[in-house]
Amino acid sequence: MIASQSGLDTIKESLKEKVFFGNEPTSELIAILIVYFVQGILGLSRLAVSFFLKDQLALSPAQVAALMGIAALPWVIKPLFGFLSDGLPLFGYRRRPYLILSGLMGTAAWLSLATLVNTAWAATGAILLSSLSVAISDVIVDSLVVERARKESLSDSGSLQSLTWGASSVGGLITAYLSGWLLQHFSNQTVFAITATFPLLVSAVAWFIAEESVDSRPDASTVWNQIKQLRGAVTQKAIWLPTAFIFIWQATPSADSAFFYFTTNELGFQPEFLGRVRLVTSVASLIGIWLFQRFLKNLPFRSLMGWTTVISSVLGMSALLLVTHTNRTLGIDDHWFSLGDSLILTVMGQIAFMPVLVLSARLCPEGVEATLFALLMSVFNLAGLLSHELGALLTHLLGVTESNFDKLWLLIVITNASSLLPLPFLGWLPAADPQAEIKAAETHKSLPRAELFEHHSPGSMSEQPFLPDLLPEFIRTPLAERLSKRMGSQPVEEPAE
């Protein structure tokens with residue numbers, strides 16, 4: 001009996017270390033992982049959204065870019081949701097009601113796409129609502145995971161990010177092939193109706209978030225104190241310089257929309273095959289997370305960001321072989337080339353993205369963790385929006401349309417070459433642990449501890465990551481990861497930490 005109990009304990013410990021990366025699998029952690037799992041599983045509708053906008057609403061690449069820009073707005077104003085959660089409790093709680101509300105909003109958005117939407121403006125409103133739904137839930141779970149991530153030692157940094165991104169990737173993996181298969185056999189509206197059921201899971205698991213009720217009414221002084229602490233944080237060089245680098249790194253233009261039209265209109269890729277590509281990229285994303293966690297998480301930020309940027313830019317040029325049909329000359333079928341290229345680029349993209357998440361979490365000083373992290377992610381998302389719009393502008397200037405791809409090769413060269421622009425600013429990244437520099441600055445400024453506003457309500461110390469993906473990626477995918485979307489692995493974005 002004792003031996004049996006000992007064996008069970010060994011299995012539990014092994015599960016904790018290998019599956020949960022050393023994090024205690026509490027009911028709250030499971031609930032948060034489910035939220036990210038749902039964000040990944042919403043990828044079921046990605047291809048449906050893309051084909052709905054392209055075929056049923058007959059929108060051009062430029063129009064789709066404009067629509068997606070509007071839908072991305074909730075990700076740019078994420079700090080506002082943090083302030084609302086902190087300063088405006090609903091029914092006596094700061095976390096649970098917002099998660100429940102976000103789930104209901106998501107279901108309403110997808111149901112409207114399935115039944116009512118038949119114009120570009122209506123589609124914009126519905127996709128905006130679905131994006132808002134995920135952004136709100138994202139801020140709530142961010143506030144939980146960032147506090148835990150801050151307390152990790154540098155050697156353990158990245159375990160929560162890896163775990164939560166893994167949960168999202170598993171959700172994406174499950175629906176990857178199904179997204180194309182369902183679209184091959186059913187209408188866009190049917191896929192939207194199926195997708196509408198998943199946000200309800202977010203509302204259901206909200207009850208497992210541990211938090212105590214808040215009796216006090218909204219206090220303006222509380223919000224003002226938080227603003228002061230936030231201002232004090234962002235004026236530190238140890239914080240704003242890395243943030244500026246992340247912005248430049250993410251803001252370089254991309255050719256996502258043009259590539260989606262090329263793969264469907266020129267190469268004739270069908271939804272079922274695009275589902276296969278998404279399946280491959282979902283597996284590749286997990287591989288990238290594992291490689292980072294296993295071999296790369298302790299490397300200096302500067303070195304890792306520098307090398308991944310260069311390698312990503314070089315690998316991104318492989319798209320020229322597909323655009324110029326050189327792959328056919330080499331005897332490689334378009335479909336096989338797309339699968340292989342997407343696999344490699346996604347692995348590289350995930351490796352490149354993980355240090356950004358780790359760095360962002362460790363830049364957050366105590367007292368304003370969640371709000372500052374939301375601000376950092378908003379800067380990142382704003383840069384992603386700028387990247388998308390710059391790509392759309394280049395697409396228009398080069399005359400690339402839904403049927404004319406003569407200058408697509410030049411668009412690819414420009415977008416991939418521009419990804420090297422951040423390299424001269426690598427020195428803005430911390431040489432070691434950024435928290436050491438931040439604490440030194442705080443000590444020098446002698447910020448009074450009494451003024452620090454604790455973002456988290458008692459009992460809500462859990463673990464979670466950050467970005468989801470509802471719209472789908474372009475919003476939170478770094479430049480290397482965005483490359484993989486070219487092959488249709490992600491729709492003309494969608495709306496997705």
Side-chain angles (χ1 to χ4, degrees), residues 38-75 105-135 171-172 175-184 186-199 256-261 263-265 269-272 274-275 277-278 281-282 388 392 402 468-477 482 485-496:
V38 169
Q39 291 167 354
I41 214 167
L42 288 178
L44 185 70
S45 64
R46 289 178 181 171
L47 289 176
V49 168
S50 296
F51 281 97
F52 176 70
L53 298 177
K54 182 175 78 77
D55 296 333
Q56 286 188 241
L57 299 185
L59 301 183
S60 67
Q63 290 173 317
V64 169
L67 187 157
M68 288 302 118
I70 296 174
L73 291 178
W75 293 96
M105 289 169 57
T107 294
W110 291 111
L111 284 179
S112 65
L113 281 168
T115 57
L116 303 175
V117 173
N118 55 17
T119 66
W121 282 110
T124 301
I127 296 175
L128 177 62
L129 182 62
S130 66
S131 175
L132 179 63
S133 165
V134 179
T175 60
Y177 179 75
L178 286 177
S179 63
W181 183 86
L182 286 173
L183 201 55
Q184 195 80 28
F186 301 97
S187 67
N188 294 316
Q189 283 70 22
T190 300
V191 177
F192 295 151
I194 296 173
T195 304
T197 63
F198 295 112
D256 299 339
S257 296
F259 233 98
F260 177 80
Y261 278 78
T263 56
T264 56
N265 292 359
F269 288 177
Q270 296 300 308
E272 192 271 344
L274 294 180
V277 176
R278 287 205 59 232
T281 55
S282 295
H388 192 69
E402 57 267 32
D469 238 44
L470 160 76
L471 357 156
E473 329 253 305
F474 91 88
I475 293 239
R476 299 117 46 42
T477 348
R482 291 194 317 250
K485 295 191 312 176
R486 308 172 334 212
M487 303 306 174
S489 58
Q490 270 57 334
V492 197
E493 350 321 310
E494 72 157 317

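Using modelled atom types, one finds no donor on one side chain facing an acceptor on the other under 3.5 Å when comparing W110 with S130.
Partners of Q184 by side chain to side chain donor-acceptor pair (under 3.5 Å), not counting sequence neighbours: none found. Partners of F52 by ring pair (Phe, Tyr, Trp, His ring centres under 6.0 Å), not counting sequence neighbours, listed by chain and number: F192. Under the side chain to side chain contact (heavy atoms under 4.5 Å, CB included) criterion, T264 pairs with F51, K54, F260, L274, sequence neighbours left out. S187 is linked by a side chain to side chain contact (heavy atoms under 4.5 Å, CB included) to Q189, T190, counting only residues two or more places apart in sequence or in another chain.
Within the 4.5 Å cutoff, the side chain of P271 has no heavy atoms near those of the L182 side chain.
Residues T175 and G43 share a closest heavy-atom pair of OG1-C, 4.0 Å. Shown here for T197 and I194, the closest heavy-atom pair between the two residues is OG1-O, 2.7 Å. Nearest heavy atoms, A48 versus V191: CB-CG1, 3.9 Å. Residues A71 and S131 come closest through the heavy atom pair O-OG, 2.7 Å.
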Can you list, pair by pair, the side-chain donor-acceptor contacts under 3.5 Å of residues 118-129, counting residues two or more places apart and other chains?
unit_1: T119; atom_1: OG1; unit_2: A122; atom_2: N; d: 3.2
unit_1: T124; atom_1: OG1; unit_2: A120; atom_2: O; d: 2.8

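Annotation: the span from L44 atom CG to T195 atom OG1 amounts to 4.0 Å, rounded to 0.5 Å.
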